[in-house]
Amino acid sequence: MPALALSPAVDPVDVGGSAHSGAASTARIQSVETVQALQARIDSLQRTRLDSRLMPTHEAFADLLPDGGLREGATYALSPSSALVMALLAGPSQAGSWCGVVGMPEFGVEAAEAMGIDLDRLVLVPHPGDAWLTVTAAIADALSVVAVRPGRAASDGAIAKLAGRLRERGSILLVLGAWPQAEAMISLTESRWSGLGDGHGCLSEREVTVTVSSRRGGRPRSARVMMPDAELGIRRVDGGAAADRARDRWLPERDAARRVG
């Protein structure tokens with residue numbers, strides 16, 4: 001990027017009477033305008049850099065998260081739910097990011113694909129054993145988003161080292177369970193399935209409450225979400241027209257990705 005040069009509008013050695021006074025005033029005005037233009041350019045670049053550090057997520061969750069998306073280099077603590085992991089991985093996956101899942105042998109690839117995750121960019125390590133932290137750190141060097149169910153407890157030093165590695169690489173960590181210095185806690189409660197009739201039928205929809213509590217404080221944000229709905233999609237129940245628009249965009253994108261795959 002070329003630098004923006006600042007040049008004086010008049011020769012500072014020039015002297016003499018009112019003409020000099022007028023030229024000096026013009027110089028000050030142009031200098032102020034130049035500085036303002038420079039400041040606007042700097043602000044624009046800073047906003048671009050900040051925006052680029054957010055990983056897109058499904059719009060059903062965007063307004064619940066502290067920054068409207070998953071922040072690169074951050075860690076999020078999740079309640080133990082495969083469906084919640086899948087829902088959070090779906091957005092980055094559809095945006096082209098590689099994702100990994102560590103220590104979750106129950107993670108179903110068919111369900112993941114139905115939720116919109118691109119299996120061609122998914123890495124699974126079902127049984128890392130006691131080496132779960134080492135495995136997580138290793139694949140976080142190469143993948144954009146990694147979800148992990150921790151095994152045995154890790155030391156504070158190992159956790160701090162992993163946090164530094166995530167910040168350096170810009171990777172996002174989703175941890176099932178409590179985690180020190182997590183950017184936010186994302187919990188899933190009040191689960192209710194539907195679809196069964198009077199002793200017959202199939203479970204087709206699951207309505208849950210998703211609550212996000214940020215470590216920055218403030219009141220936790222909650223929403224009712226169908227996860228999945230009858231078409232195996234994700235849909236806000238309480239989001240009104242905005243949620244409907246998000247769903248209208250999401251399902252065609254998911255189906256197009258399936259056809260391409």
Side-chain angles (χ1 to χ4, degrees), residues 53-55 57-58 61 64-67 69-93 97-112 115 117-119 121-191 206 208-216 220-221 225 227:
R53 291 187 57 81
L54 284 182
M55 185 75 69
T57 188
H58 192 285
F61 308 111
L64 302 179
L65 295 168
D67 301 296
L70 299 172
R71 181 163 292 281
E72 294 179 9
T75 299
Y76 296 84
L78 278 56
S79 58
S81 166
S82 295
L84 183 57
V85 171
M86 293 176 188
L88 291 172
L89 291 182
S93 178
S97 296
W98 279 77
C99 302
V101 179
V102 179
M104 297 179 60
E106 76 282 5
F107 190 89
V109 292
E110 291 185 3
M115 292 278 276
I117 296 175
D118 185 351
L119 300 184
R121 290 192 291 269
L122 179 66
V123 176
L124 299 176
V125 187
H127 302 284
D130 291 340
W132 69 269
L133 189 61
T134 302
V135 171
T136 300
I139 67 173
D141 281 347
L143 308 183
S144 300
V145 190
V146 179
V148 58
R149 174 182 283 123
R152 65 178 183 179
S155 66
D156 292 341
I159 291 175
K161 186 176 180 180
L162 176 59
R165 201 163 181 171
L166 293 171
R167 288 192 296 270
E168 179 182 352
R169 299 292 185 179
S171 302
I172 296 168
L173 184 64
L174 307 176
V175 181
L176 275 68
W179 191 258
Q181 297 300 310
E183 186 72 18
M185 173 67 191
I186 306 174
S187 60
L188 188 153
T189 58
E190 300 177 17
S191 175
R206 185 189 189 193
V208 299
T209 295
V210 177
T211 301
V212 178
S213 303
S214 172
R215 70 183 179 93
R216 305 175 197 173
R221 301 175 183 177
V225 181
M227 194 173 68

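Taking each heavy atom of Tyr76 and Gly69 in turn, the nearest pair found is OH-O, 3.8 Å. Looking at every heavy atom in both residues, Ala158 comes nearest to Leu133 through CB-CD2, 3.4 Å. Scanning both residues, His127 and Pro105, for their nearest heavy atoms gives CE1-CB, 3.6 Å. Scanning both residues, Leu176 and Pro80, for their nearest heavy atoms gives CD2-CA, 3.8 Å. Summarising the geometry of Gly73 relative to Arg167, their closest heavy-atom pair is O-CG, 3.7 Å, with the distance given to 0.1 Å. The two residues Val85 and Ala147 have their closest heavy-atom pair at CG1-CB, 3.6 Å.
Around the CZ atom of Arg216, the shell of radius 6.0 Å holds more than 12 heavy atoms that belong to other residues, nucleotides or ligands. Within a 6.0 Å radius of CD in Glu106, more than 12 heavy atoms belonging to other residues, nucleotides or ligands are found.
Put simply, the side chain of Val212 does not reach to within 4.5 Å of the side chain of Phe61, judged on heavy atoms. Counting heavy atoms from C-beta outward, His58 and Val225 have side chains that stay 4.5 Å or more apart. Taking the side chain as every heavy atom from C-beta outward, Leu162 and Leu173 approach each other to under 4.5 Å. Residues Arg121 and Ser97 have side chains not in contact (no heavy-atom distance under 4.5 Å, counting atoms from C-beta outward).
Partner Ile172 forms a side chain to side chain contact (heavy atoms under 4.5 Å, CB included) with one of Thr57, Leu88, Val145, Leu89 and no other, that one being Val145. Partner of Val102 under the side chain to side chain contact (heavy atoms under 4.5 Å, CB included) criterion, chosen from Val175, Leu124, Val148: Val148.
Ser171 places a side-chain N or O within 3.5 Å of a backbone atom of Ala140 that can act as its donor or acceptor partner. With Trp132 contributing its side chain and Arg149 its backbone, the two residues share no donor-acceptor pair below 3.5 Å.
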Hey, mind stepping through Glu183 and Asp67 against side chain to side chain contact (heavy atoms under 4.5 Å, CB included) and telling me if it holds? CA-CA 10 Å; Glu183 186 72 18; Asp67 301 296; 4.1 Å; yes
Quick one, Arg165 with Asp141, criterion side chain to side chain contact (heavy atoms under 4.5 Å, CB included). Give me CA distance, side-chain angles, the key distance, then yes/no. CA-CA 8 Å; Arg165 201 163 181 171; Asp141 281 347; 2.5 Å; yes
Side chain to side chain contact (heavy atoms under 4.5 Å, CB included) assessment of Leu122 paired with Phe107: CA-CA 12 Å; Leu122 179 66; Phe107 190 89; 4.0 Å; yes
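Atoms CG and OG, from Leu119 and Ser93 in turn, are 8.0 Å apart once rounded to the nearest 0.5 Å. Asp118 CG to Cys99 SG: the interatomic distance, rounded to the nearest 0.5 Å, is 9.0 Å. The line from CD1 of Ile186 to CG of Leu64 is 8.5 Å long, rounded to the nearest 0.5 Å. The CE atom of Met86 sits 7.0 Å away from atom CE of Met104, with the distance rounded to the nearest 0.5 Å.
Taking 4.0 Å as the cut-off between side-chain N and carboxylate O, Glu72 and Arg169 do not count as a salt-bridged pair.
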